[in-house]
Chemist: 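There's a structure below that I have some questions on.
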Amino acid sequence: QVFWNLTDSFSLYGHLYTEAGIMKEPALANYVDLNHNRISSEAGEPYIKPYDMAYRISYYGDDSSQPIDSAAFSLTPGRYARLITLVDRQKDNHVRMSWTESIGTPEDTHAFVFEGTRYQYDKKDNIFWTTPQIKTFRGIRELFWAGVLRCTPMATDPVTGNQYCPYQESEAIKPPVLTPVSVTMLFQ
């Protein structure tokens with residue numbers, strides 16, 4: 001799994017911009033500089049500045065299990081951490097991502113279900129299991145990724161009804177730092 005701090009950009013009406021890019025264009029700044037004083041990210045306005053984040057990752061077998069804190073790390077804007085988890089089943093594995101932001105907002109938590117990677121032949125069921133499709137996000141190959149991004153307005157998935165920040169990867173800041181950060185394991 002790969003976890004990202006995507007605050008090097010801000011998603012404004014479905015497009016990615018840096019803070020400087022938004023503030024230099026009056027038409028864009030009007031959406032986030034609500035009092036029109038040319039100062040970004042003041043109280044009551046969308047926070048568009050990049051910021052550091054501290055993450056805590058927990059794994060659990062199913063929705064009813066108690067999460068086990070597994071790793072902790074800090075990410076500067078545009079950076080990522082990669083974790084490899086050994087699980088005993090291919091489907092319905094769960095991860096909880098908690099983070100605190102250096103901008104002083106309270107801790108936030110999201111839970112995800114991910115598919116494990118398996119590449120083997122099962123003689124009993126005569127099935128050859130293979131890995132899920134590998135995806136590339138910001139130049140990094142990964143099976144599962146999650147990131148924290150801010151936006152205005154939020155978009156709504158028409159199938160699930162979940163809200164999310166629209167993200168145009170082609171508009172992401174290039175090149176990202178491709179070396180993952182060091183991760184502190186919380187159990188052994």
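Sequential numbering from 1 along the given sequence is applied to the chain's residues.
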Chemist: Got a donor-acceptor contact below 3.5 angstrom from the S41 side chain to the I48 backbone?
Modeler: yes
Chemist: Sub-3.5 Å donor-acceptor pair from the side chain of S11 to the main-chain atoms of P166, do we have one?
Modeler: yes
Chemist: Backbone N or O of A172 within a donor-acceptor pair of the S9 side chain at under 3.5 Å?
Modeler: no
Chemist: When rounded to the nearest 0.5 angstrom, what distance separates CD in Q1 from CZ in R82?
Modeler: 10.0 Å
Chemist: Would you find a donor on one side and an acceptor on the other, under 3.5 Å apart, between the side chain of D33 and the backbone of R38?
Modeler: yes
Chemist: So, taking the atom named CD in E19 and the one named OG in S40, what distance separates them when rounded to the nearest 0.5 Å?
Modeler: 3.5 Å
Chemist: Looking at CZ of R96 and CD1 of I57, how far apart are the two atoms once the value is rounded to the nearest 0.5 Å?
Modeler: 9.5 Å
Chemist: OG1/T156 to CG/N162 distance, rounded to the nearest 0.5 angstrom?
Modeler: 9.0 Å
Chemist: Should P46 and L34 count as side-chain neighbours, where that means a heavy-atom distance under 4.5 Å?
Modeler: yes
Chemist: Determine, stepwise, if the pair R79 / N5 fulfils side chain to side chain contact (heavy atoms under 4.5 Å, CB included).
Modeler: CA-CA 6 Å; R79 295 297 307 271; N5 176 346; 5.6 Å; no
Chemist: State, yes or no, whether a side-chain contact exists between Y55 and M97 at a heavy-atom distance under 4.5 Å.
Modeler: yes
Chemist: Pair L28, Y13 - check side chain to side chain contact (heavy atoms under 4.5 Å, CB included), show working.
Modeler: CA-CA 10 Å; L28 297 176; Y13 285 89; over 6 Å; no
Chemist: Would you indicate whether the side-chain heavy atoms of S98 and D108 approach each other to under 4.5 Å?
Modeler: no
Chemist: Are W99 and V181 joined in one hydrophobic group, where the rule is that I, L, V, M, F, W and Y side chains link up if heavy atoms are under 4.5 Å apart?
Modeler: yes
Chemist: Establish, from distance only, whether the side-chain atoms of D69 and S58 form a donor-acceptor pair under 3.5 Å.
Modeler: yes
Chemist: Which atom names give the shortest non-hydrogen contact between E171 and G14, and what distance separates them?
Modeler: OE1-O, 4.3 Å
Chemist: Tell me, do M154 and C165 make a side-chain contact under 4.5 Å, heavy atoms counted?
Modeler: yes
Chemist: Would you say the side chain of Y51 lies within less than 4.5 Å of the side chain of T105, judging by non-hydrogen atoms?
Modeler: no
Chemist: Please tell me if the side chains of F10 and V32 come closer than 4.5 Å, counting only heavy atoms from C-beta onward.
Modeler: yes
Chemist: Starting from the C-alpha separation in whole Å, work towards a yes-or-no answer on side chain to side chain contact (heavy atoms under 4.5 Å, CB included) for F73 and L83.
Modeler: CA-CA 11 Å; F73 49 90; L83 300 175; 4.3 Å; yes
Chemist: What's the separation between atom CG in N30 and atom CD1 in I22, rounded to the nearest 0.5 Å?
Modeler: 12.0 Å
Chemist: Sub-3.5 Å donor-acceptor pair from the side chain of Q168 to the main-chain atoms of H15, do we have one?
Modeler: no
Chemist: May I ask whether M23 and Y47 are part of the same hydrophobic cluster, defined by side-chain heavy atoms of I, L, V, M, F, W, Y residues being less than 4.5 angstrom apart, directly or through others?
Modeler: no
Chemist: Salt bridge or not between E101 and R150? Use side-chain N to carboxylate O under 4.0 Å.
Modeler: yes
Chemist: Please report the interatomic distance CG(L6) to CG(L75), rounded to the nearest 0.5 Å.
Modeler: 9.5 Å
Chemist: Less than 4.5 Å apart, side chain to side chain, heavy atoms only: is that true for N35 and E45?
Modeler: yes
Chemist: Does any N or O in the side chain of R138 come within less than 3.5 Å of the main-chain N or O of E169, such that one atom is a donor and the other an acceptor?
Modeler: no
Chemist: Among Y80, W4, F3, exactly one meets ring pair (Phe, Tyr, Trp, His ring centres under 6.0 Å) together with F137. Which residue is that?
Modeler: W4
